[in-house]
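Below you'll find the structure, written out as C-alpha cells, and then a few comments.
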2 protein chains.
Amino acid sequence: MTSTAGGDNQVSERAQHFLKVLIERYIRDGQPVGSRTLSKETGLELSPATVRNVMADLEEMGLVSSPHISSGRVPTDLGYRLFIDSLLTVKRLAEQEVAAMRRQLNDLGDASTLIERASQLLSGVTRLAGVVMMPRHEHGAFRQIEFLSLSGGRVLAILVTSEGEVHNRVVNTDRSYLPAELEQAANCLNAMFTGQDLHAVRRRLVADMKTTREHMDRVMLQAVEMAQGVVEAAEGTDDCFIAGQTNLMEFNELASVERLKQLFDAFTEKSQILHLLDRCIAAEGVQIFVGEESGYQLLDDCSLVTAPYGSDDQVIGVLGVIGPTRMNYPRVIPLVDMTARLLTAALKQQ
Amino acid sequence: MTSTAGGDNQVSERAQHFLKVLIERYIRDGQPVGSRTLSKETGLELSPATVRNVMADLEEMGLVSSPHISSGRVPTDLGYRLFIDSLLTVKRLAEQEVAAMRRQLNDLGDASTLIERASQLLSGVTRLAGVVMMPRHEHGAFRQIEFLSLSGGRVLAILVTSEGEVHNRVVNTDRSYLPAELEQAANCLNAMFTGQDLHAVRRRLVADMKTTREHMDRVMLQAVEMAQGVVEAAEGTDDCFIAGQTNLMEFNELASVERLKQLFDAFTEKSQILHLLDRCIAAEGVQIFVGEESGYQLLDDCSLVTAPYGSDDQVIGVLGVIGPTRMNYPRVIPLVDMTARLLTAALKQQ
DNA sequence: GTTAGCACTCGTATAAATCGAGTGCTAACC
DNA sequence: GGTTAGCACTCGATTTATACGAGTGCTAAC
C-alpha cells in the first residue's frame with residue numbers, strides 16, 4: 001500500500017499531495033495551475049519539470065485536465081471527488097462563527113420562517129445559493145380542524161398540526177352550511193383524529209369516503225371532503241426555500257447569461273432541485289455531488305453540498321448549497337454540516 | 001396648432017409621425033434606426049436626406065439621440081414619454097386572448113394564490129417580469145381569533161379575517177396556560193372585535209394595553225398582547241409577488257451580468273419595488289415610468305407599467321410589469337390594464 | 001528519479017487595415 | 001420655401017497580422 005511514483009492505476013502518495021495542492025490553489029484563484037507555480041507551492045524542493053511528469057500521470061488518470069495544450073491544469077470532477085473523499089482537511093469552524101450562526105436561527109417561533117432563515121444563513125456564510133427543503137411528510141399529527149363559512153357557499157377549512165403549523169384551504173361547496181353544522185362536523189372530526197399521524201388521517205378519510213358514503217349525512221360527507229382537501233395541502237407542501245441565488249452571478253465560470261438563465265429558471269421551477277435533494281435524504285451526513293455526478297445536465301458545472309436535518313433523531317429534510325464545482329469545499333462542508341445541526345437543534349427546542 | 005416643419009419648440013405633425021414610426025421600428029428590432037430605413041417605413045415618399053433633417057430637429061428637442069455620431073437614432077426617455085402620452089395606438093386585445101387570460105385566474109379560492117397567479121400571468125403574456133403587490137392595509141375585518149397552547153409555554157395565535165385570510169403567529173409567554181383559559185380569552189376578544197376593521201382593532205388593542213392594564217386579569221392581558229402580535233402580522237404583510245424575472249435575461253440591453261445582479265438583488269429585497277408600486281396606488285389607470293423617471297437608479301434603463309386593482313370599487317393594490325425601456329408599450333399597456341381588471345373581478349367574486 | 005534545455009502550442013493582447021452604415025453639410029432643384 | 005443628390009467624414013465592428021508569454025512534452029544529461 002505504500003507507493004513510489006508511477007503506479008499504473010494507483011495514485012502515488014506524492015501525486016495525491018500534488019493534486020491536493022493544485023486543487024487548493026485552483027479553488028483560491030480560479031486560474032489553471034502551471035508546473036512552475038505548483039513546484040513553488042508544494043513545499044517539496046522539486047523542479048517544474050518533475051512536477052510536469054507528475055501532472056502528466058494525474059492527467060492520464062483523469063484527475064486533472066488542461067483547457068488547452070499549453071495551459072496549466074484544472075481539476076476534473078473525478079479530481080474533486082478524490083480530493084473530497086480522501087485528501088481534504090476540513091477546517092473546524094471558529095467558536096464565535098458558530099455562535100454568530102446560532103444567533104441567526106434563534107427565537108423564530110414558526111417552523112417555516114426558521115427554514116427560510118436557514119437558507120438565508122447558508123447563502124450568507126458560504127456566498128453560494130442556499131437551499132432548504134421543507135420538512136418532508138411527517139408534518140406531525142392532526143391536532144385540530146375548523147370550518148368557517150364564507151360568502152357564496154364557500155368554506156374555509158383550517159388545520160393545525162401538532163407542530164404548530166397552520167394550513168388552510170378554501171373549498172367550494174354545493175350549498176351553504178350553518179355555522180352550527182360546521183362546528184358539529186369539526187368537533188366530530190377532531191374527536192376522531194386528534195393526535196393521529198397526518199398520513200393515517202388521510203388514508204382514513206379516503207377510506208371513509210368510499211365505504212361509508214351512504215351512511216353519512218350530507219354535512220359530514222362534505223366535511224370529510226373538505227378535511228381531505230386541507231390535509232392534502234398540509235402534506236403536499238413539497239417545497240423549498242432558496243436564497244442567495246444572485247451570489248452565483250459573482251463567479252465567472254457561470255457568468256454567461258444563458259447559463260445563468262438556465263440555473264435561475266430551475267430555481268423558480270424548483271422541482272428538479274427538489275428531486276435532487278430528495279435523493280440525499282437517506283445519506284448519513286454531508287453528501288456531495290460534483291459536476292456531472294448529479295446526473296442533471298443543468299448542474300454540469302456546479303456542485304451540490306447537502307446535509308440532512310431532523311427534529312428528534314429523525315431525518316425530516318435536507319439542506320445544502322449550490323455553487324460552481326470550483327467552490328471552497330474545506331470551508332463549505334463544515335458550514336453546511338453545522339447549519340444542519342443548528343437547524344435540527346432549533347426545530348427540536350420548539 | 002397646425003404646423004409646417006421646423007417649429008422651434010413645437011414638434012411638427014410630421015416630426016411626431018416620424019418619431020412614432022422610429023419608436024415602433026426600434027421596439028421591433030432593437031437596432032438604432034437610420035434615415036434610409038426610416039424613409040422607407042414612413043409611407044411618405046421622402047428621401048433619406050429629408051428624413052435626416054427631421055431627425056436633427058428631433059434630436060435637438062431631446063426626443064432621440066444617436067449612440068455614436070454615425071449611427072442611427074434611438075428614442076430617449078423623453079421620446080418614449082411623448083410616444084406614450086400622445087402617439088401610441090393601443091391595440092385592442094383579441095377576444096380569445098382575454099378569454100385565455102381569464103381562464104388562468106379562475107377557480108383559485110385563496111386570495112394570495114390568486115395574486116401569485118396574476119403575477120405569473122403578467123410575466124407570461126408580456127414576457128417581462130410581472131409583479132403584483134399584496135393588498136395594502138384593508139385586509140378586511142376581524143373575524144375570529146383562536147389560541148392554541150404549544151409546548152414550552154408558547155402559544156399559537158390564529159386570526160381569520162373577513163376576507164378568509166388566515167394569519168398565525170407563535171408567541172412566547174411567561175407561563176403556560178390552560179386550554180380553557182385561552183378559549184375564554186379568545187371568546188372574549190371575539191365578542192369585542194368581530195366585524196371590526198383590523199386597523200381599529202389594533203388601535204383598540206394598543207389603547208387597552210395602556211389604559212386598563214391594572215384592571216385586566218393576567219390571562220386577558222396576555223391574550224391582548226398575543227392578539228396584537230397576530231393583528232400586526234396580518235396588517236404588515238407588505239409584500240409582493242414577482243414572477244418571470246428570468247425573462248429579463250433575454251434582452252440584450254440588460255445582458256451584462258452586473259446589471260442583472262443589481263436587478264435581481266432588488267427583486268429579492270423587494271422593498272424598493274414596493275415603494276415604487278406604492279406611489280402608483282393613487283393613479284387612475286395605467287401608469288408608466290420610463291427609464292430615469294422612476295427616480296431609482298436601479299431602473300435607469302427599465303420601464304415600469306402599472307395599474308391599480310381593487311375589489312369593490314376600492315383600490316387595494318397595484319400590479320404591473322418591469323422590463324427594458326425598449327418594451328412593446330402598445331401591447332404591454334392593454335395587457336397590464338386587462339390583468340388588473342381581471343384580478344379585480346376575480347377578487348370581487350370571492 | 002530528477003532536472004536543464006529546447007522546440008512547440010496556443011490563447012491573449014495589440015496594432016493596423018478594411019468595411020459599411022450612417023451622418024452633416026452644401027449646392028442644386030422644384 | 002421645402003426637398004434632394006452628392007460628397008466628405010465618422011466611427012463602431014470585423015478582419016488580419018504580429019508579438020508575447022505562460023506552459024507543455026520530450027530528450028538527454030546528471
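Heavy-atom basis, side chains included; hydrogens, waters and symmetry copies ignored. Within every chain, numbering begins at 1; the chains are lettered A, B, ... in the order of the sequence lines, protein sequences first and strands thereafter.
Qualifying side-chain contact (heavy atoms from CB on, under 4.5 Å) partners for B/Lys270, counting only residues two or more places apart in sequence or in other chains: B/Asp239, B/Cys240, B/Ile242. Shown here are the side-chain contact (heavy atoms from CB on, under 4.5 Å) partners of B/Val286, two or more places apart in sequence or in another chain: B/Ile288, B/Val305, B/Ala307, B/Ile333, B/Asp337. In this structure, B/Arg52 has no salt bridge (Lys or Arg N to Asp or Glu O under 4.0 Å) partners at least two apart in sequence or on a different chain. Residues satisfying the side chain to side chain donor-acceptor pair (under 3.5 Å) criterion with B/Gln120, sequence neighbours excluded, are absent altogether. Scored by the salt bridge (Lys or Arg N to Asp or Glu O under 4.0 Å) test, A/Arg28 finds A/Glu41 as partners (sequence neighbours excluded). For A/Tyr329, the ring pair (Phe, Tyr, Trp, His ring centres under 6.0 Å) test picks out A/Tyr80, with sequence neighbours left out. With sequence neighbours left out, A/Glu293 forms a side chain to side chain donor-acceptor pair (under 3.5 Å) with A/Arg81.
Here the CG-OG1 distance, from B/Leu44 to B/Thr50, works out to 10.5 Å after rounding to the nearest 0.5 Å.
Judged purely by atom type and a 3.5 angstrom limit, B/Arg326 uses its side chain to pair as donor or acceptor with the backbone of B/Tyr26.
In this structure, CD of A/Glu13 is placed 16 Å from P of C/dG1, rounded to the nearest angstrom. Between the NE2 atom of A/His68 and the P atom of D/dG21 there is a distance of 18 Å, given to the nearest Å. In this structure, CG of B/Leu44 is placed 10 Å from P of D/dT4, rounded to the nearest angstrom. A straight line from CG of B/Leu46 to C1' of C/dC30 spans 14 Å, rounded to a whole angstrom. D/dA22 atom C1' lies 15 Å from atom CG of A/Leu38, rounded to whole Å.
If you find the closest nucleotide of DNA chain D to B/Pro67 and to B/Pro48, the one lying nearer the 5' end belongs to B/Pro48. Nearer to the 5' terminus of DNA chain D, by closest-nucleotide assignment, is the contact made by B/Val54 (compared with the other of A/Arg36 and B/Val54).
OP1 or OP2 of D/dT4 has at least one side-chain nitrogen or oxygen of B/Ser47 nearer than 4.0 Å. Note on A/Ser35: a side-chain N or O is less than 4.0 Å away from OP1 or OP2 of D/dT24. The side chain of B/Ser71 contributes no N or O atom lying less than 4.0 Å from OP1 or OP2 of D/dC11.
A/Glu59 and A/Arg73 are joined by a salt bridge, as a carboxylate oxygen and a charged side-chain nitrogen come within less than 4.0 angstrom of each other. With respect to A/Arg331 and A/Glu97, a salt bridge is recorded, a charged nitrogen being found less than 4.0 Å from a carboxylate O.
Counting distance only, with no hydrogens placed and no angle test, the side-chain atoms of A/Ser70 and the base atoms of D/dT24 include no donor-acceptor pair under 3.5 Å.
Distances were taken from every side-chain heavy atom of B/Thr50 (C-beta onward) to each of D/dT4, D/dG23, D/dC11; the shortest belongs to D/dT4.
Listed in residue order, the members of residues 16-25 of chain A having a heavy atom less than 4.0 Å from DNA chain C come to none.
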Table of protein N/O atoms under 3.5 Å from nucleotides 24-26 of chain C N/O atoms:
from   : atom 1 : to      : atom 2 : distance (Å)
C/dG24 : OP1    : B/Arg73 : NH2    : 3.0
C/dG24 : N7     : B/Arg52 : NE     : 3.2
C/dG24 : O6     : B/Arg52 : NH2    : 3.2

Listed pairs, N/O of protein and of nucleotides 28-30 of chain D, under 3.5 Å:
none

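Nearest heavy-atom pair, A/Arg259 versus A/Leu298, reported as atom, atom and distance to 0.1 Å: NH2-O, 2.6 Å.
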For residues 61-72 of chain B, tabulate all N or O donor-acceptor pairs below 3.5 Å that involve a side-chain atom, not counting sequence neighbours.
from    : atom 1 : to      : atom 2 : distance (Å)
B/Ser66 : OG     : B/His68 : O      : 3.4

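Direction change of the helix axis from one end of the helix from C/dG1-D/dC30 to C/dC30-D/dG1 to the other is 20°, with five pairs defining each end axis (rounded to 10°).
Taking the six-membered ring for Trp, B/Phe289 and B/Tyr296 have ring centres at least 6.0 Å apart.
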